[in-house]
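Just so it is clear, the values below take in all heavy atoms, side chains as well, and ignore hydrogens, waters and symmetry mates.
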Amino acid sequence: MSADAVSTGGAGELFVVATPIGNLEDLSPRAAATLARVDRVLVEDRRHAQRLLQHLGLHPPTLALHEHNERELLPKILTELREGALLALISDAGMPLISDPGFPLLAALRRESVRVTVIPGPSAVTAALALAGLPSDRFCFEGFLPAKSGARRRTLERLKSEERTLVFYEAPHRIIAALEDLGQIFGADRPAALCRELSKLHEECLRDDLGTLLQVLRDTPEKQRGEMTLVVAGAPSSAPEEEQTRTLLRPLLAELPLTQAVRIAEAQSGLPHRLLYQTALALTSAALPD
């Protein structure tokens with residue numbers, strides 16, 4: 001039973017089951033046994049789920065649960081669970097809820113104190129981290145970057161000083177644009193790793209800096225295909241002078257226009273005007289709404 005599971009006597013139970021991200025042999029025996037015993041499997045896509053269920057020799061009833069119908073189906077699912085049903089939730093690949101459907105359902109079950117158990121397993125996030133060769137003791141998962149360039153660049157501006165390793169999912173048709181923006185905002189020399197088709201026949205991990213990865217993908221279009229997880233090194237630790245500059249400017253920018261805040265900060269600290277101005281620009285850009 002998971003730490004979040006809540007006993008409810010004779011009520012039903014939802015099992016959140018991690019499924020393979022490519023190789024079907026990565027499904028755990030516990031996950032297979034769970035899928036074999038439940039009354040119904042909630043799936044992201046029925047056709048995709050059938051491949052896994054047929055591999056296991058299972059033919060359970062399924063119910064498609066995705067971002068377009070999840071809230072609509074909540075009453076039906078809650079009723080089944082209250083009546084004692086055992087249900088499993090799977091996504092197309094990996095751990096449900098990680099950039100996949102499921103959060104509204106889990107939130108509702110917590111409010112209703114319905115028992116929930118997780119069956120851990122494959123995840124592209126942890127697989128890419130292990131393969132990338134970048135620091136993995138501290139990291140943050142950002143999921144998919146915004147599809148539109150302006151929103152994507154604003155997101156990256158907020159993340160460029162993040163010192164933890166960053167993990168992103170990206171769609172093949174956006175990978176070039178994403179790498180272009182990352183290189184411009186983080187710096188083309190920032191170390192990174194692009195993991196493609198993890199656990200599949202053509203698995204590949206390209207390790208280099210952002211600028212070189214961009215050039216490799218431009219030169220070899222076939223590497224722009226497949227499921228992609230991008231791991232990017234965190235920013236170098238801020239120099240004491242940079243930290244002092246941010247600390248000085250934040251309260252001034254909260255009350256004054258940028259140029260006036262920079263002028264006062266320069267008079268008070270003696271720090272270089274260029275450093276103060278660039279830092280002020282970065283702070284105000286990060287504060288802009290999406």
Q) Does NZ in K200 sit with more than 12 non-hydrogen atoms of other residues, nucleotides or ligands closer than 6.0 Å? A) yes
Q.
Quick test of your reading of the model: are R153 and E157 salt-bridged, counting only N-O distances below 4.0 Å?
A. no
Q) Heavy atoms, side chains only, cut-off 4.5 Å: are R158 and T155 in contact? A) yes
**Q.** Carboxylate-amine/guanidinium contact E222 R225, below 4.0 Å
**A.** no
Q: Kindly say whether S123 contributes a backbone atom to a donor-acceptor pair with the side chain of T126 at under 3.5 angstrom?
A: yes
**Q.** Side-chain heavy atoms of L159 within contact of I185, under 4.5 Å
**A.** no
Q | Atom OH of Y169 with >12 non-hydrogen neighbours under 6.0 angstrom | A | yes
Q) Just by modelled atom types, is the A233 backbone N or O under 3.5 Å from a matching donor or acceptor in the R190 side chain? A) yes
Q) Under 6.0 Å from the CZ atom of F144, do we count more than 12 heavy atoms belonging to anything else shown? A) yes
Q) Distance only, no hydrogens: is a donor on one side chain within 3.5 Å (strictly under) of an acceptor on the other, for D100 and S91? A) yes
Q | Exercise: do R218 and Q224 side chains pair donor with acceptor under 3.5 Å | A | no
(Q) Set out, in order, the CA-CA distance, both residues' side-chain angles and the distance that settles side-chain contact (heavy atoms from CB on, under 4.5 Å) for L179 and L230, then state yes or no. (A) CA-CA 10 Å; L179 286 171; L230 182 63; 4.1 Å; yes
Q: Tell me, yes or no, whether the heavy-atom count around E255 atom CD, taken from other residues, nucleotides or ligands under 6.0 Å, exceeds 12.
A: no
Q) Is the backbone N or O of P135 less than 3.5 Å from a side-chain atom of R164, with the two atoms forming a donor-acceptor pair by type? A) no
Q.
Strictly distance-based, threshold 3.5 Å: is any side-chain N or O of H48 a donor or acceptor partner for the main-chain N or O of D92?
A. yes
Q: Determine, step by step, whether L97 and L106 satisfy the side-chain contact (heavy atoms from CB on, under 4.5 Å) criterion, reporting the C-alpha distance in whole Å, the side-chain angles of both residues, the deciding distance to 0.1 Å, and the verdict.
A: CA-CA 9 Å; L97 284 81; L106 267 291; 4.0 Å; yes
Q: Flag the pair E112 and R82 as a salt bridge only when some basic side-chain nitrogen lies within less than 4.0 angstrom of an acidic carboxylate oxygen.
A: yes
**Q.** Residue R71 excluded, over 12 heavy atoms near CZ under 6.0 Å
**A.** no
Q) Can any side-chain N or O of N69 pair as donor or acceptor with the backbone N or O of E72 at less than 3.5 Å? A) no
Q) Would you say R196's side chain and K223's backbone share a donor-acceptor pair under 3.5 angstrom? A) yes
Q. Would a line drawn from the ring center of F168 to the ring center of F141 be shorter than 6.0 Å?
A. no
(Q) If hydrophobic clusters are built by linking Ile, Leu, Val, Met, Phe, Trp and Tyr wherever their side-chain heavy atoms come under 4.5 Å apart, do I119 and L42 end up in the same one? (A) no
Q.
Under a 3.5 Å threshold, yes or no: a donor from one side chain and an acceptor from the other, between T117 and E13?
A. yes
Q: Ignoring hydrogens and angles, state whether a donor on the side chain of H202 or E197 is under 3.5 Å from an acceptor on the partner side chain.
A: no
Q. If only atom types and distance count, is the side chain of E170 paired as donor or acceptor with the main-chain N or O of T229 below 3.5 Å?
A. no
Q. Out of V118, L65, V17, I77, which residue meets the side-chain contact (heavy atoms from CB on, under 4.5 Å) rule with L89?
A. L65
Q. Which is it for T165 and L129 under the side-chain contact (heavy atoms from CB on, under 4.5 Å) test, yes or no, and what are the steps along the way?
A. CA-CA 9 Å; T165 297; L129 271 170; 4.1 Å; yes
